[in-house]
Amino acid sequence: MSQLSPQNKSNVVAFKEPAAKSDVVVQEYMDTLLVDLFPDIEDETLQELATKQEVQTESSLDTLAHIVASIPETSVEDMVETAAEVKQAVEVETDVPTKLDLADPLTQVLFQVAKLIQQRKAGVQVAAEPEVEIDVAVEVKAETETETQVEAKTVTERQADIKEAIEEVVTEPIIETAEPVLEVAEPITQPAEKIEIPIAPDIQDVTETAVEAVPATKTQLTYPMAPEWAQTGFDVLLFELCGLKLAAPMELLGRIIKVKHETNQLIGRPDWFIGAYTDADQHFYAIDTAQFIMPEQKLEFLEENCKFLLQLQKSQWTLGCEIVHSTVRLEPDQVKWRRQEGSIVGTLIDEMCGLLHVDYLVSGLDKEMH
Amino acid sequence: MSTYEAKGAVEDPVLQWVTFRLDNETYGINVMQVQEVLRYTEIAPVPGAPPYVLGIINLRGNVVTVIDTRLRFGLSQTETNDQTRIVIIETENQVVGILVDAVAEVVYLRQSEIETTPNVGNEETAKFIQGVCHKNEELLILVDLEKMMSDEEWSELEGL
């Protein structure tokens, strides 16, 4: 009975790494190959295999041992040849047809041998030492021997040694590593369900209030109170009318027009509307700045005192003023920024004057006129 | 000071009051509220400010809002002169200036000398009048300037 009967197949070593490079390794190498084959071969198949051999052996194990032993002695590198060479060697010994029949048990054995040899070839580290001619194998127990010369043995003796080595190996438990099962997850075709998170009434109210009071963009600014154009240094134009000193950011001003003629009066316009003014084929609307910005002061800004018109952005709106002083370079911390939105965006600390909120003015003027 | 006198001092503390004049009336504010007194200086008008705000001044690099105290007390407007002063007061929330006709002196008053007379002044001033005191044959009206404006008005001033 084969040592590898179905009952004790689990004891077979599935794979065994070669040890040191020596003639003993060659035998162990091939021995292990034989052992690796058996888990895949039924005893019945082995019996059939045995009947095909010229050499009458007691078991299929002997048959394979004979086959392996018949392979010419050579180095480890030469041993791990391609599957074709191994197959050829075996065919010579067993007269197996060259045409591979996968249903043939012997063919299956050959495939296994070839496969394992290729695996070994990929895994065996080629030593830097030159090729060593391996004589007839030393016994596995040669580690205890003191003799250094390798004793040549006959083929029959080798078979016996191999068989003995295999029997020793057989007792070792089999270590099988399950192949990882890769499962491809099915793609999600269904769209994710829309989950509505109910908002507590209190939280929602607070959120709405917070949005109104402090826009989200302002919280990300270095100077939350200052507009975006004033986060870094900026230039302002200082001008004056009716004794009132004001400033406007240069970035938001268009042309500075010197008044050369009277404005055209338009019927039905508010009190702060001076008139229409044409310059260089462009039409503008002149505004009484004091009346529009500070009606409570009741400052009397006479048109005859209007010397300059300051264009707001690229719009048609212009602010009338008496004097244009100069431009000043400011940093954001030189302005006391207002919290509430209005015509004045802040107060210049050194100049002690208000800084116009040009965007707010333009939008307010547009609303008034439409 | 004897123990009896010291005990009396604790029970009837002496407070210091800075007195100023508006129209023909003399008012007093707790000295702890007064930061400094400035001569009249040019006040820059601020567009968009409440009517009781005269404007702003630059006080050592800080913008200080100046309140028209006469308007706040319900009095008529008047021209400024050499006696006009700006009293810088420090409230719980901020520092503001009040324009007064003149600053008189610092007086020492005991708590017992202060009388509570709710009928003094008009409806507007009654809100922040703490009491009155007869000193040197003169009626001294003691005011709490923090109550001179509501919380919303103080917040509006802070935003200027």
Side-chain angles (χ1 to χ4, degrees), chain A residues 213-214 218 224-226 238-248 272 287-301 319-321 325 328 330-358 360-361 364, chain B residues 35-36 38-72 74-80 84 86 88-99 149-160:
Chain A
V214 182
K218 285 195 173 182
M225 303 287 290
L238 302 175
F239 62 97
E240 185 178 339
L241 72 157
C242 301
L244 175 65
K245 194 175 181 181
L246 294 171
W272 45 261
I287 302 303
D288 183 345
T289 308
Q291 180 68 17
F292 185 78
I293 295 176
M294 295 189 305
E296 68 278 1
Q297 298 287 339
K298 297 179 181 179
L299 300 174
E300 191 174 353
F301 181 52
L319 297 179
C321 65
H325 288 290
V328 178
L330 295 175
E331 296 297 328
D333 56 357
Q334 290 180 285
V335 178
K336 184 181 179 183
W337 301 101
R338 286 196 179 182
R339 296 178 181 178
Q340 297 178 353
E341 194 175 31
S343 300
I344 302 297
V345 69
T347 302
L348 276 59
I349 298 175
D350 293 335
E351 287 75 17
M352 298 305 296
C353 65
L355 179 61
L356 293 179
H357 196 325
V358 176
Y360 182 89
L361 286 174
Chain B
Q35 182 174 314
E36 59 186 297
L38 305 175
R39 287 183 177 275
Y40 178 78
T41 182
E42 184 179 0
I43 301 173
V46 180
Y52 56 84
V53 174
L54 289 171
I56 54 176
I57 59 174
N58 188 339
L59 183 62
R60 295 183 293 275
N62 296 318
V63 175
V64 177
T65 305
V66 180
I67 298 173
D68 188 350
T69 317
R70 293 180 72 91
L71 180 64
R72 199 65 190 171
L75 304 174
S76 59
Q77 299 291 317
T78 186
E79 296 291 332
T80 60
T84 303
I86 299 175
I88 305 300
I89 62 173
E90 185 175 358
T91 63
E92 184 177 351
N93 299 323
Q94 55 189 293
V95 174
V96 297
I98 58 172
L99 187 67
M149 289 184 293
S150 64
D151 294 338
E152 292 76 18
E153 290 172 327
W154 282 116
S155 179
E156 188 177 12
L157 282 181
E158 192 176 8
L160 292 178

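Every chain is numbered from 1 and lettered A, B, ... according to where its sequence line falls, protein lines coming before strand lines.
Remark: A:V328 engages A:V236, A:L238, A:S326, A:L330, A:E351 in a side chain to side chain contact (heavy atoms under 4.5 Å, CB included) (not counting sequence neighbours). Checked against side chain to side chain contact (heavy atoms under 4.5 Å, CB included), B:S150 has the following partners two or more places apart in sequence or in another chain: B:E152, B:E153.
One distance of note links CG of B:L75 with OG1 of B:T69; it measures 9.5 Å at 0.5 Å rounding. Distance check: A:W272 CH2 to A:I293 CD1 gives 11.5 Å after rounding to the nearest 0.5 Å. Of the inter-residue distances, the one linking A:S343 atom OG with A:M294 atom CE reads 10.0 Å to the nearest 0.5 angstrom. Taking CG of B:D151 as the start and CD of B:E156 as the end, the distance is 13.0 Å to the nearest 0.5 Å.
Near-neighbour residues of residues 50-60 of chain B relative to chain A, defined by a heavy atom under 4.5 Å from a heavy atom of that chain, comprise B:I56, B:I57, B:N58.
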List the atom pairs, donor and acceptor, that lie under 3.5 Å between side-chain atoms in residues 39-49 of chain B and the rest of the protein, sequence neighbours left out.
none

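Proximity to chain B is limited to the side chain of A:I344, based on heavy atoms less than 4.5 angstrom apart. If you measure heavy-atom distances from A:L246 to chain B, the contacts under 4.5 Å come from the side chain alone.
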